[in-house]
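Written out below as structure tokens is the structure these notes cover.
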There are 2 protein chains.
Amino acid sequence: MSTVGKAVSLLELFTLHEPEIGLSDLARRAGLDKATARRLLTALAAHRLIEQEPRSRRYRLGAGLSRLARIRDAHFPFVRLAAPVIRELSQETGETVHLSEFSAGALLTVHVALSAKANRVNVDVGQVLPLHGTASGIAFLAASRLEVASAYLEKPLQAFTAHTMTEPDTLAKAIAFAAASGYSRSSQGYEEGVHSIGAAILGADGQPIGTLSIASPVSRIDDHLAASQGEAATRAARLISARLTGEA
Amino acid sequence: MSTVGKAVSLLELFTLHEPEIGLSDLARRAGLDKATARRLLTALAAHRLIEQEPRSRRYRLGAGLSRLARIRDAHFPFVRLAAPVIRELSQETGETVHLSEFSAGALLTVHVALSAKANRVNVDVGQVLPLHGTASGIAFLAASRLEVASAYLEKPLQAFTAHTMTEPDTLAKAIAFAAASGYSRSSQGYEEGVHSIGAAILGADGQPIGTLSIASPVSRIDDHLAASQGEAATRAARLISARLTGEA
DNA sequence: CCAGTCGGTTCATTATTTGAACCAGTGTTT
DNA sequence: AAACACTGGTTCAAATAATGAACCGACTGG
């Protein structure tokens, strides 16, 4: 891996649950030598992408990231515009709703509104979702240009659970359903016990840039509820698309 | 410079005003070879810190930055908690107010609320402010431990304008004033024609973590107004500090 | 007081980065 | 339509920067 890749993989070790990590730990988890990790960390710190807590000497993500994210967000206000809609959809359905952005061939979860219920699906910001196997991914493929979707179907499809659609034909049918109805459905395709309804969010050029998804415990879902969630998801996704393109 | 440093400096070329840049341009401005720049960009893109617009092939900041910034923000909600206070302070005073975070020996501007007036001071998010020469910096030094402040006074002080305080004694007096009154004052110390009032924001351990600053055209300021701005700045900074430590 | 951590440093070895020269494509200008 | 000046992207020998085992000193808990 490139040196830059290693440095970024250090950044990616920090999570919501573990926002500060010590040097030895970082090196171990990244599979790097301590000396290497430290050199990378100081390089990142020089640009404020990493900070070191002076007392504990542990490392954490730096203010430079906030700065860069703000520049990006000003130009591409995906999360900012979508967040209130996501929150409302979560309240309306009582389920966890998450927002994903297409990036480098997969969907990156960038925002989550958790259900208030005790039995809920938990999704972490930062999770990378495959295009097959999740309702979000299927909705994305259904909204993509045909050549993109069929190119994706060519490649072998990894199974995540016993329910993952790995047959191109099965997946093509799910995509066709999503294209026709506006929303996609996936039951336990990525994680056992999780049912989700997805809908694509379109950019100004009509191409999909991300998705939203309502994730529920399978036990709570029947066909009728799925259809009503699908309608709500479609409405929310359209609203976000419209706001992105300045139409609302 | 380290490879990582070069890669990050590519990220730093993107600004609010220029959120998308082509390869040749990036290479030129970063002082890198085109081949090198491209290799770094693809490494960054693999981790979603950079995205490439498929149509124009231009590069822009990637979704991974939003993700990392959100992790940082959840742990260290400086901007999130301070932003509403900053906005209100700007409305109350009618002037531009900016929020800076201490990082790597300087203050990094992370949030700005611009004045509504035509004749106003413009500050960009991302600007790096020295600790001497700006009201923010002086307020920060005044709130720091004595050894930190005096260590800073040892080093030579760069002049930015004819008004920059470069004499350790002069600066020490300004720091003493700030320590006594709760706010600092700097007239044209960093940029001609700009007057500013600064106040430090303290973390849970009582150490300063950042500052806020009211920036006005000098023409608009007299001693009486400066004092009233100072009081408002102090109040706002205290409120943010309290919210950060969970006291409000 | 020993063993096992930690963060941090050194420097000979090694592997990665570098950049001039090269495509191919596009839009301008002559 | 030809010459031109850009663009993004690629190649590979040469040069440079990254690497990691071994080492500190400091701290912690048994």
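Throughout, protein chains are lettered first and strands after them, A, B, ... in sequence-line order, and every chain is numbered starting at 1. Worth knowing before you read on, the calculation uses all heavy atoms, side chains too, and leaves out hydrogens, waters and symmetry mates.
The phosphate of D:dA18 has OP1 or OP2 within less than 4.0 Å of a side-chain N or O from B:T3. In terms of phosphate contacts, A:K6 brings a side-chain nitrogen or oxygen within less than 4.0 Å of OP1 or OP2 of D:dT19. Regarding contacts with the backbone of C:dG8, a side-chain N or O of A:Y59 is found under 4.0 angstrom from either OP1 or OP2.
End-to-end axis angle of the helix from C:dC1-D:dG30 to C:dT30-D:dA1, using five pairs per end and rounding to 10°, comes to 30°.
A distance of 6.0 Å or more separates the ring centres of B:Y190 and B:H132.
Rounded to an integer number of Å, the gap from CZ of B:R58 to P of D:dT7 is 11 Å. Atom CD1 of B:I21 and atom P of D:dT7 are 13 Å apart (whole Å).
B:S100 contributes no side-chain N or O that, together with a main-chain N or O of B:L107, makes up a donor-acceptor pair within less than 3.5 Å. When atom types are taken as modelled, the side chain of B:E20 and the backbone of B:Y59 share no donor-acceptor pair closer than 3.5 angstrom. Looking at B:D124, its side chain never comes within 3.5 Å of a backbone N or O of B:G126 through a donor-acceptor pair.
Counting heavy atoms from C-beta on, the side chains of A:T211 and A:F140 come closer than 4.5 Å. Put simply, the side chain of A:L10 does not reach to within 4.5 Å of the side chain of A:V8, judged on heavy atoms.
Residues from residues 23-44 of chain B that place a heavy atom under 4.0 Å from any atom of DNA chain D, listed by number: B:L23, B:S24, B:R28, B:K34, B:A35, B:R38.
A salt bridge links A:R145 to A:E147: one of the charged nitrogens lies within less than 4.0 Å of a carboxylate oxygen.
Under a cut-off of 6.0 angstrom, the local environment of CZ in A:R238 is sparse, with at most 12 non-hydrogen atoms contributed by other residues, nucleotides or ligands.
For the pair A:M1 and A:R57, nearest-nucleotide mapping onto DNA chain C gives the more 5' position to A:R57.
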